[in-house]
Structure formats: C-alpha cells, structure tokens
There are 2 protein chains.
Amino acid sequence: MNVKSPKPAVTPIELEHFLPYRLNVVAEAVSRALARLYETRHGISIAEWRVIATLGQYTQMTAKDIGAHSRMHKTKVSRAVARLEARQCVARTSNAEDMREAFLELTDDGRAIYDDLVPRALAFERKLSDALTVEEQASLDALLSKLEVSAFDDVGDGET
Amino acid sequence: MNVKSPKPAVTPIELEHFLPYRLNVVAEAVSRALARLYETRHGISIAEWRVIATLGQYTQMTAKDIGAHSRMHKTKVSRAVARLEARQCVARTSNAEDMREAFLELTDDGRAIYDDLVPRALAFERKLSDALTVEEQASLDALLSKLEVSAFDDVGDGET
DNA sequence: GTTCATTAGTTGCGAATGTAACTAATAAAA
DNA sequence: TTTTATTAGTTACATTCGCAACTAATGAAC
C-alpha cells in the first residue's frame, strides 16, 4: 500500500485502428474531394447533389421520399430543395390528392447539372476504387452493407 | 428533326451503390451512434473524444500534433481543447523552449473519462464488427487503408 | 540587430446542421 | 360533424464548422 495505485492503465485505444474513426476519416476525405467537384462546377453542396441525383434517377418524388432514399434529415432536404428551386433547378408540383406534399422534378437546368456531373462523379468513383481490384471492390461493397445493417440496427441501443 | 432530342439520357447513378455515398452513410450512422455514447455519459463531442483519446494514448502532445494524429482541423482541435480545459479535463503547460506551443495532458478528470470510455468504445467497435468474420475485418481494414491513400493523394487534383 | 517569413494557436464570420416547435393538410375517432 | 392524431414540410434557434484573418513567438536573411 505504499504506491498510490500506479495509474488506472486501461489498455489504450489506438485511434488509427479504431474502426469508427477510420470509417469517418476515409468518408470525410472522399466527401470533401467530391464536394469540391460539385461546388466548383456548379456551386452546389452535397445535399443538393443528392437531391439532384435522386431526382435524376427517379424523375419525380416528394421531399419525404428523397429524404428516405438519400438518407437525409427532412430539414436538410427541405433546405436543399429550396435552394435548388430558387436556382430553377427543381420544379415543384403540388399533389392535388394531398395538398401537404408536392412532387419534385428536375428542370432543364437541373438536368443539365445532373448530366454534367454524372460522368464526372463516376470517374471520381472509378479513380477512387482504382486502388482496389475488382474482387476487392465487390468485397468492400458487401462489407459496407453488413456494417450498415449493424450500425443502424444493433448499435445505439446497447447496454449502458 | 421532328423529335426534340429525346432527353440527354445519361445512364443514371444509383446512389445506393455509389461508393462515396455509401461510405458516408455508414460512417455517419456509426459516428452518430458513438457520439450518443460520449455525449450521454460525459457530455463530450467526438472532437473532444478524439483529443482525449490521443492524449490518453500519448500522454503529452501539442495541439498541432493532436490535429495531425487525429486528422482534425486546427480550429477544431483548438476549440475542443478549450472546452476540455474549461472543464478541467486537460491541462496546458507552455513550452519554455517555444512559447508559441503548449503541451497538453489529461488531468485526473480527463483520464477518468478516458478510462470510462475506452472499454465502452471498444465494446461498441466489437459489436459493430461482429457482423463481420475475422477475415472480413482484416480485409476491411486493408481496404480502408487503400482507400485512404487513394482519397488523400489521387483524387481531388484530377483533370479539369 | 533589424526586417521578413514561417509557425502555433485563436477568433470573427458566414454557412450548414439538427432539434424542436410550428403550419397546414389529411385521416381517424367520436 | 366535430374533435383529435398524424403527417409533409418549413422555420426559429442554438450549435458546429472551416476558411480567412489575426496575434504572438520563432527562425532566416541581411
């Protein structure tokens, strides 16, 4: 009892190998690089890009559905759509059957942005995953899917 | 010339399989769940956790080194450290050899938080990667490393 | 030693974010 | 029909973020 407990000495975490940290660092680096593309070419944010991408793929959708599909908070969608509408990239048609919601579509301007960005975004992705073999790419896709399930379901309601 | 060019018709991107999007969604879900842990137990943010984790691992460091190690913008580090200092979790000792910088260390309170969070963070990670086999975990780690390199070096200074 | 450049760290500012509260419309209950 | 609950979407508010500009200290050039 002469040494005053020589430090709690928890085995430390090595941040560099801590999965949540690593995922975040990679995702952030990728997002940032991609955002630069959207921003410099068309002055749009990633949220705006996601709205455009969703409408480019599905033609017509409500804000709620866009949010569900692109996994964005409804206020984020609302504001992204508002900006895009102000810039005439998205058109709103209220639904006569349910006046709470409105169908959103790309305008010609919006589609022009989409058409311009799609090949570049794909090229970006290709360049990114050039570091991986085809098998690795497939593997990564599968692993991300598993993590996604795990992250949304399991984690977050753990013990405590 | 009777049809007015039947839509540009770029092959659309499927957002659900677009790597940057997927990485971001997974990373965000994981971060959010983990942040809830740090927040509810100790009222700290992820940035603050990263500072604590870095100091927990390396004992003493300057703000600059913390930023480099945990890949955070210097203003983010500065503000996180300021909050932690105000809460007596981090102590600052200015370097007599170079008065611009200061060495940072965890106080007892800071270390208590660290000691409390480390096993929980590791449990969280374990739970998360329980969805994967051991080989898959190793594979993911390697793939993330490759992507990290790719994202930081290659991409971002492409053509245009 | 004096000037100039660089570096560590902080702060002002505008933009972006999520929560919670709100509006307006629909649906369910009574 | 009238009340009550739910839903789509917007907005007020507080917080967070990164860039750019700043301060203070060090180092380099001369």
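If you find the closest nucleotide of DNA chain D to A:Asp98 and to B:Ala47, the one lying nearer the 5' end belongs to A:Asp98. When each of B:Phe103 and A:Ser45 is assigned the nucleotide of DNA chain C bearing its nearest heavy atom, the one mapping closer to the 5' terminus is B:Phe103. Residue A:Leu104 is the one, among A:Glu28 and A:Leu104, whose nearest nucleotide of DNA chain D lies closer to the 5' end (criterion: closest heavy atom).
Checking the phosphate oxygens (OP1, OP2) of D:dG18, a side-chain nitrogen or oxygen of A:Arg32 falls inside 4.0 Å. Neither OP1 nor OP2 of D:dT15 sits under 4.0 Å from any side-chain N or O of B:Arg83.
The distance from atom CZ of A:Arg100 to atom P of C:dC22 is 20 Å, rounded to the nearest whole Å. The distance from atom CG of A:Asn95 to atom C1' of D:dG9 is 14 Å, rounded to the nearest whole Å. Straight-line distance from the CE atom of A:Met99 to the C1' atom of C:dA27: 17 Å, rounded to whole Å. Straight-line distance from the CZ atom of B:Arg36 to the P atom of C:dG18: 14 Å, rounded to whole Å. Rounded to a whole Å, the NE2 atom of A:His69 is 18 Å from the P atom of D:dA8. Between the NZ atom of A:Lys64 and the C1' atom of C:dA25 there is a distance of 15 Å, given to the nearest Å.
In the model, B:Asn95 has a side-chain atom that pairs as donor or acceptor with a side-chain atom of B:Glu101 under 3.5 Å. Between the side chains of A:Arg22 and B:Ser145, a donor-acceptor pair is found at a separation under 3.5 Å. Side-chain N/O atoms of A:Asp141 and B:His17 include no donor and acceptor closer than 3.5 Å.
Shown for residues 71-82 of chain B: residues whose heavy atoms fall under 4.0 angstrom of DNA chain D, namely B:His73, B:Thr75, B:Lys76, B:Arg79.
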Practice item. Go through the steps for B:Asp130 and A:Ser150 under the test side chain to side chain contact (heavy atoms under 4.5 Å, CB included), then give the verdict. Key: CA-CA 8 Å; B:Asp130 264 356; A:Ser150 185; over 6 Å; no
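No side-chain donor-acceptor contact under 3.5 Å links B:Gln60 to the backbone of B:Glu105.
The aromatic rings of B:Trp49 and B:Tyr114 sit parallel to each other, their planes meeting at less than 30°, with 60° as the upper class boundary.
Nucleic acid contact for A:Thr62: sugar-phosphate only, since backbone atoms but no base atoms lie under 4.0 Å from a heavy atom of the residue.
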